[in-house]
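Note on naming: letters A, B, ... go to the chains in the order of the sequence lines (proteins, then strands), and numbering restarts at 1 for each one. If you're wondering where the values come from, they're calculated on a predicted model, not measured in any experiment.
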Amino acid sequence: MLLSRLARVSQEVAATSARSRKIALLAGLFREAEADDVPIVIPYLAGRLPQGRIGVGWKVLSRPVAPAAEASLTVRQVDALLTTLGKVSGPGSQAERARLVGELLGASTEDEQRFLFGLLTGEVRQGALDAVAVEGLAEATGAPSADVRRAVMLAGSLQSVAGALLSDGPGALERFRLTVGRPVLPMLAHSASSVAEAVEKLGACAVEEKLDGIRVQVHRDGDTVRVHTRTLDDITGRLPEVTSAARELPGERFILDGEVISFDDDGRPRSFQETAGRVGSRVDVAAAAREVPVSPVFFDVLSVGGRDLLDLPFSGRHAELARLVPEPMRVRRAVVSGPGDLGAAEEFLAETLKRGHEGVVVKGLDAPYSAGRRGASWLKVKPVHTLDLVVLAAEWGHGRRTGKLSNLHLGARTADGGFAMLGKTFKGMTDTMLAWQTERLRELAVEESGYVVTVRPELVVEIAYDGLQRSTRYPAGVTLRFARVIRYREDKRPEEADSVESLLAAHPEVRP
DNA sequence: TTCCGACAGTGGGGTCGCAAT
DNA sequence: ATTGCGACCCCACTATCGGAA
């Protein structure tokens with residue numbers, strides 16, 4: 001199959017807003033693909049490379065290359081070249097990668113270049129990713145989409161399911177069962193604004209502490225232990241503490257779901273930055289582990305002794321977890337009978353925050369483990385802080401925000417009467433607010449350079465954030481975590497905005 | 001007919017590792 | 001040694017489609 005065919009279909013998919021039409025377009029292409037093309041075509045149209053990320057980003061792709069007049073590249077040729085590209089390393093590798101990218105783009109037409117750019121940067125922006133591709137695959141093969149979806153979640157991979165389906169038909173889905181040693185997409189949580197709201201929605205539930213670390217899925221099959229992240233990357237080699245802990249548990253075959261986090265000598269959780277830095281260290285793991293030891297803390301079990309527990313209610317899975325994992329290695333929790341028992345849930349949240357954790361996850365006791373879904377039965381609750389800050393500048397948006405000032409630079413008052421930038425945010429605005437702020441900020445503009453418009457510091461905006469963290473990038477030495485806009489405060493003058501001093505006073509645990 | 005679940009898009013900060021400077 | 005880039009951790013929120021209620 002020619003790359004130009006994919007590029008055209010991707011454009012058509014992007015051009016329609018109807019999901020059903022997107023699915024039909026993808027299905028048509030999947031039907032057309034030859035067997036050898038399938039493992040390439042399907043991930044490409046889901047916006048991903050079969051090789052995963054290959055070290056080519058925006059920078060290298062931005063060097064202009066004259067496009068070819070005629071489309072000639074096949075998807076298999078592209079795939080072979082990208083496989084080669086992904087293996088380039090060592091001195092001179094950047095030049096070699098640039099050369100290969102140039103070769104690829106030079107052989108591509110303008111449309112193909114656009115498609116490759118999206119594919120390699122991981123931003124196809126066609127309004128269809130994995131989920132829509134799964135539907136397309138179901139339509140192309142005649143398999144029930146719920147079954148295809150479930151197989152993809154259990155396989156942790158769209159490609160393998162697609163290959164099996166297109167070569168062996170719908171019967172192949174049977175092969176994708178929960179298997180120890182093969183990671184499955186983890187269940188995720190929605191947010192709730194309060195414990196009361198969460199308990200109201202869920203009724204009888206468990207309120208569990210939410211640890212601010214790295215999500216892990218741990219598989220043990222005899223002496224073999226594997227540890228995977230939320231996106232199923234294998235990080236076994238970086239976490240010797242986790243493998244040894246798993247080997248000491250009284251079970252030979254199991255799959256556990258939990259969090260890895262570092263505690264200090266007093267048993268308080270270290271900051272996310274410290275835990276993440278440790279888990280990210282690959283070169284000298286032993287030294288990193290001495291410096292910042294981590295602990296696994298589990299909250300769910302998906303499989304034990306060869307039994308698939310996914311469809312068991314959470315209460316049943318937790319009973320299995322308690323049999324397998326000793327209490328210190330499980331998250332703390334309180335079981336609540338329903339809204340009548342709200343006091344106990346709120347008390348548990350307060351205790352959890354006092355212990356230094358980020359919040360709680362409220363989980364319905366009846367719910368199965370919905371692999372790969374953001375299940376409505378898991379609701380996280382975290383305290384939200386707010387500040388009144390001043391807009392110092394704004395950046396022109398991309399994609400659907402093209403032509404709108406989108407990303408705001410946020411400042412707090414300083415002692416000398418000026419403002420210190422604390423970070424940026426693009427979250428929380430409606431289209432109406434986006435249009436309004438574009439107009440308003442244009443009136444306040446004093447300078448435009450590149451995509452940044454600097455404004456007079458006069459507009460006050462109320463910002464929600466999850467916490468303060470250290471920063472080497474911003475002048476106050478701190479930055480906001482997960483900042484988002486709540487509303488503009490035209491009733492407030494910039495002199496009334498919050499100051500760096502008061503912000504630091506509100507977060508005594510964080511020092512610049 | 002209205003409501004709501006699921007998705008995609010729009011990007012944020014930090015840290016590590018690697019290659020280039 | 002320092003800098004720039006890419007990958008990958010954490011993530012909130014809105015708009016939209018289409019099936020459920």
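- Between A:Arg53 and C:dA7, a side-chain N or O to OP1/OP2 separation shorter than 4.0 Å is present.
- Within the 4.5 Å cutoff, side-chain heavy atoms of A:Ser108 are placed close to those of A:Leu116.
- Side-chain contact between A:Ser262 and A:Thr275: present, with at least one pair of heavy atoms (C-beta onward) separated by less than 4.5 Å.
- Residue A:Glu208 forms a salt bridge (charged side-chain N to carboxylate O under 4.0 Å, His left out) with just one option from A:Arg330, A:Lys380, A:Lys363, and that option is A:Lys363.
- No contact: A:Thr425 has no heavy atom under 4.0 Å from any strand.
- The phosphate of C:dC10 (OP1 or OP2) has a side-chain N or O of A:Arg230 nearer than 4.0 angstrom.
- A:Lys22 comes within contact range of no nucleotide atom at all, as no heavy-atom separation falls under 4.0 Å.
- The phosphate of B:dG14 has OP1 or OP2 within less than 4.0 Å of a side-chain N or O from A:Arg473.
- We find that CZ of A:Arg373 is positioned 9 Å from C1' of B:dG5, with the value rounded to whole Å.
- Taking the six-membered ring where the residue is Trp, A:Tyr488 and A:Trp436 present tilted rings, their angle falling between 30° and 60°.
- Using a 4.0 Å heavy-atom distance criterion, A:Lys404 is classed as making no nucleic acid contact.
- When heavy atoms are screened at a 4.0 angstrom cut-off, A:Gln126 is found touching the sugar-phosphate backbone but no base atom.
- A:Asp431 comes within contact range of the sugar-phosphate backbone alone, with a heavy-atom separation under 4.0 Å but no base atom that close.
- Base pairing analysis places C:dC13 opposite B:dG9; the two distances defining the Watson-Crick or G-U wobble pair are each below 3.5 Å.
- Atom-to-atom, CE of A:Met187 to P of B:dA6 comes out at 10 Å; the value is rounded to the nearest Å.
- Taking the ring centroids of A:His409 and A:Phe419, they lie at or beyond the 6.0 Å cut-off.
- Each of A:Phe272 and A:Arg149 lies near DNA chain B, and the nucleotide nearest A:Arg149 is the one positioned closer to the 5' end.
- Within the nucleic acid shown, A:Thr275 has no heavy atom closer than 4.0 Å to any nucleic acid atom.
- Between A:Arg282 and A:Thr432, the residue anchored nearer the 5' end of DNA chain C, judged by the nucleotide with its closest heavy atom, is A:Arg282.
- Nucleic acid contact class of A:Ala376 (heavy atoms, under 4.0 Å, all strands): none.
- A:Glu274 and A:Ser271 share a side-chain donor-acceptor pair at under 3.5 Å.
- Remark: A:Arg442 CZ is loosely packed, at most 12 non-hydrogen atoms of other residues, nucleotides or ligands lying under 6.0 Å away.
- Close to C:dG18, at under 4.0 Å from its OP1 or OP2, lies a side-chain N or O of A:Ser20.
- Checking A:Gly372 against A:Asn407, the closest nucleotide of DNA chain B that is more toward the 5' end is the one next to A:Gly372.
- If you check every strand for non-hydrogen atoms under 4.0 Å, A:Lys59 touches sugar and phosphate atoms only.
- At the heavy-atom level, A:Gly52 lies nowhere under 4.0 Å from the strands shown.
- Dashed line: the shortest gap from a side-chain N or O of A:Thr231 to OP1 or OP2 of C:dC9 is under 4.0 Å.
- As rounded to whole Å, 17 Å separates atom P of C:dC10 from atom CD of A:Glu274.
- When heavy atoms are screened at a 4.0 angstrom cut-off, A:Lys201 is found touching no nucleic acid atom at all.
- Distance A:Ile486 CD1 to C:dT14 C1': 15 Å, rounded to the nearest Å.
- Residues A:Phe482 and A:Arg21 each lie close to DNA chain C; by heavy-atom proximity, the contact nearer the 5' end of the strand is made by A:Phe482.
- A:Leu408 comes within 4.0 angstrom of no nucleic acid atom, judged by non-hydrogen atoms across all strands.
- The nearest whole Å value for the distance from the CG atom in A:Leu232 to the P atom in C:dC8 is 12 Å.
- Among the heavy atoms of the strands lying under 4.0 Å from A:Val283 are primed sugar atoms or P, OP1, OP2 only; no base atom is included.
- Checking the phosphate oxygens (OP1, OP2) of C:dC17, a side-chain nitrogen or oxygen of A:Ser17 falls inside 4.0 Å.
- Here C:dA12 presents its C1' atom at 8 Å from NZ of A:Lys382, a figure rounded to the nearest Å.
- For A:Thr430, whose side chain is taken as the heavy atoms from C-beta onward, the closest listed nucleotide among C:dC10, B:dA8, C:dT14 is C:dT14.
- Residue contacts for A:Ala128: at a heavy-atom cut-off of 4.0 Å it reaches the sugar-phosphate backbone alone, with no base atom in range.
- Residue A:Ala276 is out of contact with every strand shown, counting any heavy-atom pair closer than 4.0 Å.
- Residue A:Leu26 contributes atom CG, which lies 14 Å from atom C1' of B:dC7 at whole-angstrom precision.
- Classified by interplanar angle (parallel below 30°, tilted 30° to 60°, perpendicular above 60°), the ring pair A:Trp378/A:Phe299 is perpendicular.
- Across the protein-nucleic acid pair, A:Leu120 atom CG and C:dC5 atom P stand 17 Å apart, rounded to whole Å.
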